[in-house]
There are 2 protein chains.
Amino acid sequence: MSLEHAILGFLNYHPYTGYDLKKIFDTSIRHFWSADQSQIYRTLTRLTERGFVEMEKVPQQDRPDRKVYHITEGGRGELLNWLAGPPPMDEPRSAPLVQVFFAGQLSDEQVLAKFEGFAALMRAFLAMYDQVPDQLGPYQEDISSPREHFFWLLTLENGLCSMRANLAWAESIVERIKAGKVPPK
Amino acid sequence: MSLEHAILGFLNYHPYTGYDLKKIFDTSIRHFWSADQSQIYRTLTRLTERGFVEMEKVPQQDRPDRKVYHITEGGRGELLNWLAGPPPMDEPRSAPLVQVFFAGQLSDEQVLAKFEGFAALMRAFLAMYDQVPDQLGPYQEDISSPREHFFWLLTLENGLCSMRANLAWAESIVERIKAGKVPPK
DNA sequence: ATATAATATAAGAAAGGTCCAATATGTCCC
DNA sequence: GGGACATATTGGACCTTTCTTATATTATAT
């Protein structure tokens, strides 16, 4: 679980409202982390209870007050502690691989279609990545120093590397299928 | 969500109890799918309600009855339908990448340690993979025809490909850090 | 003789996440 | 004037997952 840490990470650049955070998640880091709008508000409440963030009401004329959250000393400590700590290992959870594992229960034609589908999916991802801009979307001014931009590019690279590896994997399987190397039912 | 489909996939080979399934998950496909014991029992109940599986009580002397679940025609249909359908795309969710994205907030020494930590983690994964047996653990007899074994090797290959790609990524970053290419704070 | 691990199931509670709907207003365009 | 869209937050219902605890027996090790 690290929606909390992702929120703390952004609030450590700049104070934001729940609405701001939703937009930041939807634009900048959408390709490796997503967040439900309700969940962002609930997490902000939880972080407030724990003393990691504080809220300030900014009244506006004729529309609901903005609730601007800023990180506290305790929150900064929690964040830096988590960042400096050991890298969490991604718990494995891959619905596509479940399909691969059980693909033997399909007919040979269906198996071929399945893996061609995988390859197509990964090519589509790669095409998308080419369109991911160098920049971070709105709210850049707060975040995009050369240092932050450098680390942003590193996360993009990771996506590219993984997708290329997966594409090569899927393609090698398609070749093997066509070469008749799948044991029959 | 496809714990349901993973369970259906196994029950399509052979009828099992909840306990059997837990052991199968913990041994065979542990590296890309895990399942909590309570969750397996609850999911079996749900699958029964939907008519995808049926339960048969097998009394045992002096210990709780085994509840052996077997797949129904409806369940087989649901499974094959899902398998033949479009590959689900994994929703992106990567705690490690959240750390990369915010790593700029650490000191330069901490950044180096962070990425060396990533590389070490992936080397550890790769070392583990070498030890993953060719075989599927217990319950093999039910599952390991040459065809099933072929698909099992494919999922292992995927893990290897991804990990190698991630290792290369982490190592290239370590090199760049050592070459002084990280913009200062 | 006793402890423990393994076999086998299940219920309760809490945490996290998703979906949907409600509220309230401002702006922009047709 | 009406419709669509953006701003801004909140609440309810529900689902999934995890953690913990409980029960009961058998096999194995000390």
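The figures here come from the full heavy-atom set of this structure, side chains too, leaving out hydrogens, waters and symmetry mates. Below, chains carry the letters A, B, ... as their sequence lines are ordered, and counting in each starts from 1.
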For this session: Examine Leu44(A) and Tyr19(A) and state if one hydrophobic cluster contains both, with Ile, Leu, Val, Met, Phe, Trp and Tyr joined whenever side-chain heavy atoms are less than 4.5 Å apart.
Result: no
For this session: Check the distance between dA6(C)'s P and Lys22(B)'s NZ and give it to me in whole angstrom.
Result: 14 Å
Seminar exercise, completed: From CD of Glu4(A) across to C1' of dA15(C) the rounded distance in Å is 10 Å
For this session: Report the nucleotide, chosen from dG17(C), dG12(D), dA11(C), that has the shortest atom-to-atom distance to any side-chain atom of Leu3(A).
Result: dG17(C)
Residues 178-185 of chain B, side-chain donor-acceptor partners within the protein, below 3.5 Å, at least two apart:
| from | atom 1 | to | atom 2 | distance (Å) |
| --- | --- | --- | --- | --- |
| Lys185(B) | NZ | Gln105(B) | O | 3.0 |

For this session: Return yes when atom CZ of Arg30(A) has more than 12 non-hydrogen atoms of other residues, nucleotides or ligands closer than 6.0 Å, and no otherwise.
Result: no
For this session: Consider only side-chain N and O atoms of Ser172(A) and Glu175(A), and report whether a donor and an acceptor are under 3.5 Å apart.
Result: no
Problem set entry | Value in whole Å for how far the C1' atom of dT9(C) lies from NZ of Lys23(B) | 14 Å
For this session: Flag the pair His149(B) / Phe151(B) as yes when their ring centroid distance falls below 6.0 Å, and as no otherwise.
Result: no
Exercise. Do the ring planes of Phe102(B) and Tyr13(A) sit parallel (below 30°), tilted (30 to 60°) or perpendicular (above 60°)?
Worked result: tilted
For this session: Look at the aromatic rings of His5(B) and Trp82(B) and report parallel, tilted or perpendicular, splitting at 30° and 60°.
Result: parallel
Exercise. Listed in order of residue number, which residues of residues 39-53 of chain B have a non-hydrogen atom at under 4.0 Å from DNA chain D?
Worked result: Gln39(B), Arg42(B), Arg46(B)
Exercise. Considering only side-chain heavy atoms of Arg66(A), which listed nucleotide, dT9(D), dT9(C), dG12(C), is closest?
Worked result: dT9(D)
Problem set entry | Thr17(A) and Asp20(A): side chain donor to acceptor below 3.5 Å | yes
Exercise. Taking DNA chain D as the partner, which of residues 10-21 of chain A come within under 4.0 angstrom of it by heavy atom?
Worked result: Thr17(A), Gly18(A), Tyr19(A)
